[in-house]
Amino acid sequence: MKIMVAIKRVVDYAVKIRVKPDKTGVETNNVKMSMNPFCEIALEEALRVKELGLASEVIAVSMGPAQCVDTLRTGLAMGADRGIHIETQTSLYPLSVAKIIKALVDVEKPGLLILGKQAIDDDCNQTGQMVAGLLNWPQGTFASKVVLDKEKQIATVDREVDGGLETLCLDLPAVITTDLRLNQPRYATLPNIMKAKSKVIKKFTPQELNVEIKSDLEVVEVTEPPKRKAGVIVSSVDELIDKLKNEAHVI
Amino acid sequence: MEKWRTSRRLLSYSSKNLFDRQAYPNFENSNYLSGSGFTYHFGRICKPFKPVLHHKQNLPTYVYTLRDCINCLRSPLERFNGNTCRVQHRYFGSMATKTQRNPMFATINSDDISHFKEILGEKNVIQDEERLLTANTDWMGKYKGSSKLLLQPRSTEEVSQILKYCNSRCLAVVPQGGNTGLVGGSVPVFDEVIINLGSMNNIISFDKVSGILVCEAGCILENLVSFLDNEGFIMPLDLGAKGSCQIGGNVSTNAGGLRLVRYGSLHGNVLGLEAVLANGTMLDILGTLRKDNTGYDLKHLFIGSEGSLGIVTKVSILTPPKLSSVNLAFLACKDYFSCQNLLLEAKRKLGEILSAFEFLDGHSMDLVLNHLEGARNPLPPSMHKFYVLIETTGSDESYDKEKLEAFLLRSMEGGLISDGVLAQDINQASSFWRIREGIAEALTKAGAVYKYDLSLPVDKMYDLVEEMRIRLGPAAKVVGFGHIGDGNLHLNISIPQYDDAILAQIEPFVYEWTSKHRGSISAEHGLGLMKANKIYYSKSPETVQVMASIKKMLDPNRILNPYKVIPPSLIF
């Protein structure tokens with residue numbers, strides 16, 4: 001069984017982001033980019049499934065400009081067997097990504113699709129669900145535990161929901177999106193980095209896959225959230241009551 | 001008799017504040033009181049202390065006379081229990097540092113308090129027990145003073161007024177910043193007034209073109225780093241204590257840290273400072289010029305003098321631009337020889353992009369994994385004997401990564417590295433750094449620790465650790481780590497509780513060993529109180545004499561951070 005993992009190249013989680021002066025988006029020039037943390041967890045889970053002997057191959061997929069290859073190399077250094085790069089310069093929204101993944105699934109025919117639950121740059125949390133819809137596959141989103149049964153061809157997924165944990169049984173092939181507590185991704189060791197250099201990254205364009213990337217969404221404006229105002233130290237209880245009454249209007 | 005004469009010389013002090021007989025009515029008239037005036041009170045038995053006389057033979061006998069003096073005067077004075085004297089009571093007594101409060105210093109009275117309240121306002125004159133307790137104890141919990149007053153000035157003028165007053169009253173003071181020092185230099189020894197600069201935390205100006213930052217001494221290093229991050233610059237120094245340490249303290253102690261190998265020491269990066277002298281004179285040497293050869297460069301006196309020549313109130317520092325591509329590798333080596341060779345290779349092959357090179361031994365890693373929460377071994381499952389952290393900083397991401405990867409792969413093929421990981425994002429990099437920066441914290445959690453910070457020739461560095469390990473046996477855990485890139489070893493001995501017997505095995509052996517290899521007994525931590533009498537291991541007596549003269553000139557009443565840095569016998 002092949003596992004396909006979609007990974008996204010995003011602004012590094014620890015970087016302080018700034019909005020571009022023209023408000024069209026977030027500043028990405030000269031900013032450290034790395035693999036989306038949820039995608040790392042997804043890849044780690046795929047690798048663990050493979051190490052248990054339940055899968056034969058892990059394929060990492062990434063879409064975007066040429067620099068995505070760096071992120072794919074990281075994925076290969078973690079242990080993925082090969083990579084696929086969908087090269088495109090236009091920004092992709094979840095529906096387009098889902099359509100491309102569907103096209104790839106038709107080509108590669110994996111038994112399991114693992115994605116991160118959301119990307120930290122757009123926080124959409126839509127791609128996994130859309131892909132499952134397009135493919136008509138069962139989905140287990142916000143997975144905090146995944147157990148595969150090869151014979152019965154089912155995946156038991158514990159989901160983190162608002163009320164607690166929900167356990168689902170999915171027939172394979174299925175789509176799983178990963179949540180934070182699923183696992184702790186491994187580091188890329190030097191021997192693996194060396195091996196990764198010889199692993200293959202295949203390039204496609206959306207046209208080759210017959211996918212039309214036309215977005216129904218348009219970003220109108222990006223602004224920073226209002227700055228948090230400093231607290232005020234009041235000197236007496238009366239002043240506090242006065243402020244709560246007249247300024248904050250809470251009493 | 002000869003011993004007595006030398007100890008009398010030791011005990012002579014300024015005639016201004018003679019021994020106050022009224023305070024010590026129990027004190028009998030014995031011959032050793034004439035001309036002296038020290039009162040002693042011993043909480044512990046002192047062991048004989050071997051002086052080091054590897055300098056000329058007429059080397060100051062005062063290095064050991066204090067000890068001998070104490071020994072010969074011990075029996076009659078043991079009668080004086082519970083008198084009013086304020087001799088240092090160490091929590092975890094370290095035999096090597098026994099000092100007596102100098103009676104030339106006055107004690108605070110209510111007039112002083114009201115005067116300070118006038119200068120600073122009610123809120124900034126602190127006598128609250130709890131806050132004083134924190135301010136009186138150092139970060140390791142090893143040194144504890146008994147000051148009754150904490151002042152928090154908000155401006156240089158206030159500092160000047162405080163010092164002017166203290167100078168006139170002969171009140172000893174301790175300048176304090178983040179209180180993260182490791183040699184007891186930031187806390188009072190007795191009841192010195194603590195002047196904490198934490199309220200002076202404004203960033204005054206920042207020039208985006210030249211990268212020159214001017215700020216007040218109380219700015220916390222991490223805050224400066226965040227500020228500069230927004231502007232696209234970084235601080236030239238980085239240390240584990242960055243969340244609490246203040247730039248004034250960093251400058252006063254000439255802090256080193258993780259980036260020294262790339263950006264050099266503070267002597268090079270500080271372009272100017274503003275300091276207040278003991279008599280309240282505000283010295284404005286706050287230049288922002290890269291080059292200024294007009295007269296003696298006085299700022300260098302204040303950088304590294306640990307608050308004993310003046311209180312630094314403003315700093316002007318040159319900050320390097322923030323380069324976008326930072327890469328971090330955590331590597332394992334099988335022996336110290338490989339670490340050394342790796343360093344040589346890195347300096348050659350990584351050259352201009354190398355920004356940090358740290359090493360830690362397997363024992364340190366063990367300690368961190370056991371005592372530090374959230375620490376994760378980057379190279380499971382085995383424990384290696386040595387680990388090295390290499391950081392590169394450059395402007396081109398792909399070029400740097402390629403260069404680093406090529407270097408690492410070649411080193412691996414050459415057998416210099418047995419295993420390693422490369423951080424793929426900033427979070428992974430922080431977790432690697434946490435391991436190295438967290439060793440000090442892990443040691444504190446593991447129990448008592450004796451810390452030594454030594455500069456040694458790189459090829460000899462680990463020999464000391466191994467010799468110490470053999471010397472102390474299974475009773476203590478000896479760990480070695482540090483800035484191997486600068487030849488700086490942090491030797492730490494971890495034991496469940498402070499123990500003078502073990503200390504006797506460590507000191508003066510460690511200092512003698514260092515001195516024998518012409519190293520420094522304090523590479524970056526400073527002398528503080530811990531090594532106040534040890535300066536002779538690394539500096540000649542003539543040099544120390546000149547230092548003492550400068551101290552006496554700038555601080556004639558010796559109120560600034562007394563008992564520290566330079567042997568007190570030379571000052572008082």
Side-chain angles (χ1 to χ4, degrees), chain A residues 7-19 27-41 43-44 60 65-80 120-121 180 183-198 224 227 233 235, chain B residues 122-123 225-232 321-332 374 376-382 388 390 393 395-402 404-413 416-433 435:
Chain A
I7 55 186
K8 187 174 182 185
R9 179 172 178 264
V10 296
V11 176
D12 190 304
Y13 167 68
V15 167
K16 258 195 257 285
I17 46 172
R18 274 178 301 172
V19 176
E27 185 69 64
T28 48
N29 278 334
N30 269 334
V31 162
K32 175 119 176 87
M33 308 283 276
S34 28
M35 198 191 293
N36 183 31
F38 293 105
C39 300
E40 262 180 12
I41 297 174
L43 185 52
E44 172 66 24
Q67 293 95 327
C68 284
V69 175
D70 294 335
T71 323
L72 276 174
R73 286 270 165 229
T74 305
L76 295 174
M78 278 172 73
I120 60 172
D121 54 1
L180 215 47
N183 59 42
Q184 211 174 31
R186 62 192 64 184
Y187 296 120
T189 60
L190 288 179
N192 284 342
I193 294 177
M194 197 147 66
K195 282 188 228 157
K197 289 195 191 299
S198 54
E224 274 185 21
K227 280 210 180 357
I233 297 185
S235 53
Chain B
E122 283 274 340
K123 271 198 303 180
V225 172
S226 327
F227 169 76
L228 288 174
D229 201 60
N230 273 336
E231 310 285 340
K322 183 176 156 90
L323 296 174
S324 52
S325 146
V326 178
N327 286 303
L328 188 62
F330 197 93
L331 314 161
R376 199 181 137 195
N377 187 351
L379 294 166
S382 47
V388 168
I390 299 185
T393 312
S395 41
D396 188 332
E397 175 98 48
S398 38
Y399 170 71
D400 285 359
K401 201 158 188 171
E402 245 181 74
L404 181 60
E405 274 180 15
F407 165 73
L408 291 174
L409 294 175
R410 221 166 334 129
S411 307
M412 197 149 182
E413 284 162 15
L416 284 178
I417 313 176
S418 39
D419 200 359
V421 285
L422 203 55
Q424 298 298 322
D425 55 41
I426 301 185
N427 268 334
Q428 290 187 0
S430 317
S431 58
F432 294 170
W433 271 124
I435 296 179

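No experiment lies behind these values; they were computed from the predicted model shown. Naming convention: chains lettered A, B, ... in sequence-line order (proteins, then strands); numbering from 1 in each chain.
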Under 4.5 Å from any heavy atom of chain B - which part of A:Glu40 | side chain
Would you find a donor on one side and an acceptor on the other, under 3.5 Å apart, between the side chain of A:Asp12 and the backbone of B:Ile426?
-> yes
Quick one: which residues of residues 189-198 of chain A reach chain B at under 4.5 angstrom, heavy atoms only?
-> A:Thr189, A:Leu190, A:Pro191, A:Ile193, A:Met194, A:Lys197
Is there a side-chain contact between A:Lys16 and B:Asn230, using heavy atoms and a 4.5 Å cut-off?
-> yes
Chain B contacts, top residue of A:Gln67, A:Arg186, A:Met33, A:Gln184 (heavy-atom pairs, under 4.5 Å) | A:Gln184
Tell me, for B:Ser398 versus chain A, whether the close heavy atoms (under 4.5 Å) come from the side chain, the backbone, both or neither.
-> neither
For B:Gln424, is it the side chain, the backbone, both or neither that has a heavy atom under 4.5 Å from a heavy atom of chain A?
-> both
Sequence neighbours excluded, which residues qualify as side chain to side chain donor-acceptor pair (under 3.5 Å) partners of A:Lys227?
-> A:Glu224
Counterpart residues, ring-ring contact (aromatic ring centres under 6.0 Å, His included), relative to B:Phe432 (two or more places apart) = A:Tyr187, B:Phe330
Report the residues that fulfil side-chain contact (heavy atoms from CB on, under 4.5 Å) with A:Pro37, sequence neighbours left out, ordered by chain and then residue number.
-> A:Tyr13, A:Ile120
Enter the distance from B:Gln428:CD to A:Met35:CE here, rounded to the nearest 0.5 Å.
-> 9.0 Å
CD/A:Glu27: more than 12 non-hydrogen atoms of other groups inside 6.0 Å = yes
